[in-house]
Enquirer: 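Here's a structure for you.
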Amino acid sequence: MKKGRLTIAGCGLHPGHMTLETQSLIEHAEIVLLVAPNPLSIQHILQLNANTEHLGRFYNMGFSRPEIYRQMAKRIIELVTAGKDVCTVFYGHPGVFVSSTRMASRVLKPLGHQVRMLPGISADACLYADLDLDPADTGCQSYESTRFLLTRRQVDSSAALILWQVGLTGEHSMDHFQPGEQGLAALTKLLLQSYPADHQVCLYEAPIFPGFEPKKDWLALADLPGATVNTVSTLYIPACQAPEFAADRLAWLGLTEADIHHWDEYEEVECDI
């Protein structure tokens with residue numbers, strides 16, 4: 001029996017995001033396992049390969065989120081170990097917030113199966129484009145919202161902060177797809193330790209249909225607890241102060257601040273806590 005192999009691909013957030021390489025691999029796979037966010041993406045992939053199975057069905061079977069991902073991984077492993085050339089297709093980037101593919105990969109690689117991942121356009125790439133951001137300008141911190149809330153992190157308010165899955169903040173049971181009862185209030189309390197109450201933050205949602213506008217709701221940080229969010233909402237918090245140069249590190253290079261005065265072209269903002 002031939003050795004099965006697994007290609008892990010991302011279809012982006014809508015059909016216009018799919019790369020030619022991913023499209024070709026979908027077309028030539030023996031079976032495609034799909035989790036896609038909208039009917040257009042599903043129809044597009046079905047047109048590329050009719051032998052497509054929807055892993056999204058596990059979301060409707062009453063499982064907890066961890067069990068959903070385990071069931072998806074089990075199905076992937078079952079087909080690959082049966083000798084199939086399998087292409088899994090997840091929306092966005094298939095390695096970002098996708099547990100099942102990593103579970104499957106950790107089982108299949110030691111068994112000698114070829115596993116390959118292709119990149120896809122994910123929500124962070126859309127956010128940078130839609131909000132006209134360059135993460136290199138100030139630097140960028142990026143965390144899953146509940147993990148950020150429940151673990152000790154050193155927040156750098158001179159860099160941008162992105163919190164993913166803000167619509168699930170505080171939902172620790174892994175059984176529900178909504179914020180915990182006190183999630184947004186607790187998150188706001190934490191953020192107010194590093195940012196002023198009137199600091200403008202953005203609740204962002206990338207469009208999942210071509211030609212549609214993204215959701216970009218700007219509001220004062222203090223108003224976050226009352227905001228409307230869902231499972232795909234992302235919180236973007238701009239930097240609110242300029243970084244300080246480290247004199248000792250400049251000295252390591254034999255430099256002074258005057259030697260890098262051209263960095264002053266970046267906009268400086270102030271933050272008063």
Enquirer: Going from CE on M117 to CD1 on I8, what distance comes out if it is rounded to the nearest 0.5 angstrom?
Expert: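 One gets 4.5 Å once the value is rounded to the nearest 0.5 Å.
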Enquirer: Examine L34 and I76 and state if one hydrophobic cluster contains both, with Ile, Leu, Val, Met, Phe, Trp and Tyr joined whenever side-chain heavy atoms are less than 4.5 Å apart.
Expert: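 No; I76 is not reachable from L34 via cluster members.
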Enquirer: Are there over 12 heavy-atom neighbours, none belonging to K189, within less than 6.0 Å of that residue's NZ?
Expert: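 It does not: K189 NZ has 12 such atoms or fewer within range.
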Enquirer: Applying the 4.5 Å side-chain criterion to the ILVMFWY set and letting contacts propagate, would Y236 and Y128 be lumped into a single cluster?
Expert: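 Same hydrophobic cluster.
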Enquirer: Under the side chain to side chain donor-acceptor pair (under 3.5 Å) rule, what pairs show up with a residue in residues 159-168, not counting sequence neighbours?
Expert: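 Matches after skipping sequence neighbours: S142-W164.
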Enquirer: Could you check if a side-chain atom of L133 sits within less than 4.5 angstrom of a side-chain atom of L127, using non-hydrogen atoms only?
Expert: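 In contact.
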Enquirer: Okay, side chain of D130, backbone of P207: is any donor-acceptor separation there less than 3.5 Å?
Expert: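 No, the answer is negative, given that no donor and acceptor are paired below the 3.5 Å cut-off.
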Enquirer: Applying the side-chain hydrogen bond (donor to acceptor under 3.5 Å, both in side chains) criterion to E205, which one of N230, T234, T231 satisfies it?
Expert: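 Testing each of N230, T234, T231 against E205, the sole residue satisfying side-chain hydrogen bond (donor to acceptor under 3.5 Å, both in side chains) is N230.
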Enquirer: Set out, in order, the CA-CA distance, both residues' side-chain angles and the distance that settles side chain to side chain contact (heavy atoms under 4.5 Å, CB included) for F148 and L191, then state yes or no.
Expert: CA-CA 10 Å; F148 172 81; L191 291 170; 3.9 Å; yes
Enquirer: Drop me the distance from L25's CG to M18's CE, to the nearest 0.5 angstrom.
Expert: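 Here the interatomic distance stands at 10.5 Å.
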Enquirer: Can you name the salt bridge (charged side-chain N to carboxylate O under 4.0 Å, His left out) partners of D156, sequence neighbours left out?
Expert: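 Applying salt bridge (charged side-chain N to carboxylate O under 4.0 Å, His left out) to D156 gives none.
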Enquirer: Not counting sequence neighbours, which residues clear side chain to side chain donor-acceptor pair (under 3.5 Å) with S145? List them please.
Expert: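 Scan of S145 (side chain to side chain donor-acceptor pair (under 3.5 Å), adjacent residues dropped) gives T169.
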Enquirer: To the nearest 0.5 Å, how far apart are CD in E144 and CZ in F97?
Expert: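 Answer for the CD-CZ pair, E144 versus F97, is 5.5 Å.
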Enquirer: For the atom pair NE2 (H17) and OG (S122), what is the distance rounded to the nearest 0.5 Å?
Expert: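 It is 10.0 Å, given to the nearest 0.5 Å.
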Enquirer: Suppose we screen for salt bridge (charged side-chain N to carboxylate O under 4.0 Å, His left out). Which residues come up paired with D85, at least two apart in sequence or across chains?
Expert: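 Checked D85 against salt bridge (charged side-chain N to carboxylate O under 4.0 Å, His left out); matches are R5.
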Enquirer: Begin with the C-alpha distance, continue with both residues' side-chain angles, and end with the deciding distance and a verdict on side chain to side chain contact (heavy atoms under 4.5 Å, CB included) for Y91 and L13.
Expert: CA-CA 6 Å; Y91 61 90; L13 300 185; 4.2 Å; yes
Enquirer: Please check this pair: side chain of D198 against backbone of A220, looking for a donor-acceptor N/O pair closer than 3.5 Å.
Expert: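 No, because the side chain of D198 does not come within donor-acceptor range (under 3.5 Å) of the backbone of A220.
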Enquirer: Could you check whether any side-chain heavy atom of Y59 comes within less than 4.5 Å of a side-chain heavy atom of V35, counting everything from C-beta outward?
Expert: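 When only atoms from C-beta onward are counted, V35 and Y59 do touch, with a gap below 4.5 Å.
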Enquirer: Apply salt bridge (charged side-chain N to carboxylate O under 4.0 Å, His left out) to K74 and list each qualifying residue two or more places apart in sequence or on a separate chain.
Expert: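 Per chain and number, K74 pairs via salt bridge (charged side-chain N to carboxylate O under 4.0 Å, His left out) with no residue.
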Enquirer: OG of S100 to CG of L33: how many Å apart, nearest 0.5 Å?
Expert: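 Answer rounded to 0.5 Å: 9.5 Å.
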Enquirer: Return the minimal non-hydrogen interatomic distance between L40 and P210, and the atom names on each side.
Expert: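 The pair with the smallest heavy-atom distance is CD1-CD, 4.0 Å.
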Enquirer: Look only at the side chain of H44 and the backbone of G16, and say whether a donor-acceptor pair between them is shorter than 3.5 Å.
Expert: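 Such a contact is absent between H44 side chain and G16 backbone.
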Enquirer: Please lay out, stage by stage, how Y143 and L161 fare under the test side chain to side chain contact (heavy atoms under 4.5 Å, CB included).
Expert: CA-CA 8 Å; Y143 302 103; L161 173 62; 3.7 Å; yes
Enquirer: Output all residues satisfying side chain to side chain donor-acceptor pair (under 3.5 Å) with E67, sequence neighbours left out; order by chain, then residue number.
Expert: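 Expected list: R70, Q71.
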Enquirer: Is L163 close to L187 at the side-chain level, that is, under 4.5 Å between some pair of heavy atoms?
Expert: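 Sidechains of L163 and L187: in contact.
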Enquirer: Begin with the C-alpha distance, continue with both residues' side-chain angles, and end with the deciding distance and a verdict on side chain to side chain contact (heavy atoms under 4.5 Å, CB included) for L184 and V166.
Expert: CA-CA 8 Å; L184 290 181; V166 71; 3.9 Å; yes
Enquirer: Does anything in residues 101-128 pair up under salt bridge (Lys or Arg N to Asp or Glu O under 4.0 Å), and if so which pairs, sequence neighbours excluded?
Expert: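 Passing the test, one end in residues 101-128: E21-R116.
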Enquirer: Are any non-hydrogen side-chain atoms of L235 and I237 less than 4.5 angstrom apart?
Expert: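 Yes; the side chains approach each other to less than 4.5 Å.
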Enquirer: Judged by atom type as modelled, is there a donor-acceptor pair below 3.5 Å linking the side chain of Q141 to the main-chain atoms of A160?
Expert: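 Answer holds: yes.
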Enquirer: Roughly how far, to the nearest 0.5 Å, is CD of Q193 from OG of S157?
Expert: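 These two atoms lie 12.5 Å from each other.
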Enquirer: If hydrophobic clusters are built by linking Ile, Leu, Val, Met, Phe, Trp and Tyr wherever their side-chain heavy atoms come under 4.5 Å apart, do V80 and V32 end up in the same one?
Expert: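 Per the 4.5 Å side-chain linkage, V80 and V32 are not co-clustered.
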Enquirer: Is a side-chain N or O of T101 found less than 3.5 angstrom from the main chain of P94, in a donor-acceptor match?
Expert: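 Answer holds: yes.
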Enquirer: Can you name the side chain to side chain donor-acceptor pair (under 3.5 Å) partners of T151, sequence neighbours left out?
Expert: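 Expected list: R153.
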Enquirer: May I have all residue pairs that pass salt bridge (Lys or Arg N to Asp or Glu O under 4.0 Å) and include part of residues 90-101, sequence neighbours excluded?
Expert: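 The answer is none; no pair qualifies.
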Enquirer: Any side-chain heavy-atom pair from V98 and T88 closer than 4.5 angstrom?
Expert: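 In short, these two side chains do not touch, never coming nearer than 4.5 Å.
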Enquirer: Taking the side chain as every heavy atom from C-beta outward, state whether L190 and L149 have any atom pair closer than 4.5 Å.
Expert: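 A side-chain contact under 4.5 Å exists here.
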Enquirer: Which atom names give the shortest non-hydrogen contact between A239 and H199, and what distance separates them?
Expert: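 Looking at all heavy atoms of both residues, the shortest contact is O-CE1, 3.8 Å.
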Enquirer: Could I get the full list of side chain to side chain donor-acceptor pair (under 3.5 Å) partners for H113, not counting sequence neighbours?
Expert: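 In terms of side chain to side chain donor-acceptor pair (under 3.5 Å), with neighbours along the sequence ignored, H113 is linked to no residue.
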Enquirer: For F90, is the CZ atom crowded, meaning more than 12 foreign heavy atoms sit under 6.0 Å from it?
Expert: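 Yes, because the 6.0 Å sphere around CZ of F90 holds more than 12 heavy atoms from other groups.
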Enquirer: Can you find a heavy atom in the side chain of D217 that is under 4.5 Å from one in the side chain of K215?
Expert: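 Contact flag for D217/K215 side chains = yes.
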Enquirer: Side-chain donor-acceptor pairs under 3.5 Å in residues 244-256, sequence neighbours left out?
Expert:
residue : atom : partner : partner atom : Å
W252    : NE1  : D248    : O            : 3.4
T256    : OG1  : A258    : N            : 3.3
T256    : OG1  : D259    : OD2          : 3.4

Enquirer: Run the side-chain donor-acceptor check on residues 46-56: report pairs under 3.5 Å with partners two or more places apart or on a different chain.
Expert:
residue : atom : partner : partner atom : Å
N49     : OD1  : N51     : N            : 2.9
N49     : ND2  : I26     : O            : 2.9
N49     : ND2  : A29     : O            : 2.9
N51     : ND2  : E30     : O            : 2.5
T52     : OG1  : N49     : O            : 2.5
E53     : OE1  : R75     : NE           : 3.4
E53     : OE1  : R75     : NH2          : 3.0
E53     : OE2  : R57     : NH1          : 3.2
E53     : OE2  : R57     : NH2          : 3.1
E53     : OE2  : R75     : NE           : 2.8

Enquirer: side-chain hydrogen bond (donor to acceptor under 3.5 Å, both in side chains) between S158 and Q241: does it pass, once the steps are laid out?
Expert: CA-CA 5 Å; S158 70; Q241 63 180 0; 5.4 Å; no
Enquirer: Side chains of I121 and C126: does their closest heavy-atom pair fall under 4.5 Å?
Expert: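 With C-beta onward as the side chain, the pair touches.
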Enquirer: Do the ring planes of F58 and F63 sit parallel (below 30°), tilted (30 to 60°) or perpendicular (above 60°)?
Expert: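 Geometry flag for F63 against F58: tilted rings.
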Enquirer: Using atom types as modelled and distance alone, determine if a side-chain donor or acceptor of K216 lies under 3.5 Å from a backbone N or O of Y204.
Expert: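 Between the backbone of Y204 and the side chain of K216 there is no qualifying donor-acceptor contact (under 3.5 Å).
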Enquirer: How are the rings of F212 and F209 set to each other: parallel, tilted or perpendicular (split at 30° and 60°)?
Expert: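 Plane angle between 30° and 60°, so tilted.
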Enquirer: Quick one: do L192 and L150 end up in the same hydrophobic cluster if we chain Ile, Leu, Val, Met, Phe, Trp and Tyr together by side-chain heavy atoms under 4.5 Å apart?
Expert: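 Looking at the clustering, L150 is in the same group as L192.
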Enquirer: Would L168 end up clustered with V96 when hydrophobic side chains under 4.5 Å apart are linked, directly or stepwise?
Expert: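 Each belongs to a different hydrophobic cluster.
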